[in-house]
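The structure under discussion appears below in the form of structure tokens.
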Amino acid sequence: VSPGQGPAHLTQPEVLTLAKTEARKVVRQKLYDYDITSVIFDSHAREWSVLFAQQPPHTASRGCLYVYVNDDTKDATVKPC
């Protein structure tokens, strides 16, 4: 296996814990208003993307946000959709 490819180091539950912790810093208690709708691992970028979609969808504020988790460093970054 060449460097930068291959299976993920982190498990999906570990990624979700990191992503929720980071997302909570941005939306605070409103995290309960979000559903996790996708968790994807990009083996080339060595990065997980977790999509938090706000429910119910009729709320006008932030509709969704992505949390990107680096599989090697466990660094998490929040970006609005």
Open item on the list: Does Tyr66, at its OH atom, have more than 12 non-hydrogen atoms belonging to other residues, nucleotides or ligands within less than 6.0 Å?
Closed with: no

Sorted by chain and residue number, the side-chain hydrogen bond (donor to acceptor under 3.5 Å, both in side chains) partners of Lys79 (sequence neighbours excluded) come out as none

side-chain hydrogen bond (donor to acceptor under 3.5 Å, both in side chains) filter on Glu14, not counting sequence neighbours, yields Thr11

> So, does Asp35 use its side chain to make a donor-acceptor pair with the main chain of Gln55 at under 3.5 Å?
Replying inline: no

TODO: Take the angle between the ring planes of Phe41 and Trp48 and call it parallel below 30°, perpendicular above 60°, tilted in between.
DONE: tilted

Taking C-beta and beyond as the side chain, do [X] and [Y] meet within less than 4.5 Å on heavy atoms?
X     : Y     : value
Val69 : Asp75 : no
Arg46 : His9  : yes
Leu10 : Lys74 : yes

Result for side chain to side chain contact (heavy atoms under 4.5 Å, CB included) between Leu65 and one of Leu51, Val27, Val50 points to Val27

Those residues at least two apart in sequence (or on a different chain) that pass side chain to side chain contact (heavy atoms under 4.5 Å, CB included) with Glu22 are Lys25, Val67, Ala76, Val78

Rounded to the nearest 0.5 angstrom, the CG-CZ distance for Leu16 and Phe52 is 7.0 Å

So OG1 of Thr77 and CG of Asn70: to nearest 0.5 Å the spacing works out to 8.5 Å

#### Entry: side chain to side chain contact (heavy atoms under 4.5 Å, CB included) evaluation trace for Leu31 with Lys20
CA-CA 8 Å; Leu31 190 60; Lys20 286 178 186 174; 4.2 Å; yes

Here the pair of heavy atoms bringing Cys64 nearest to Ala53 is CB-CA, 3.9 Å

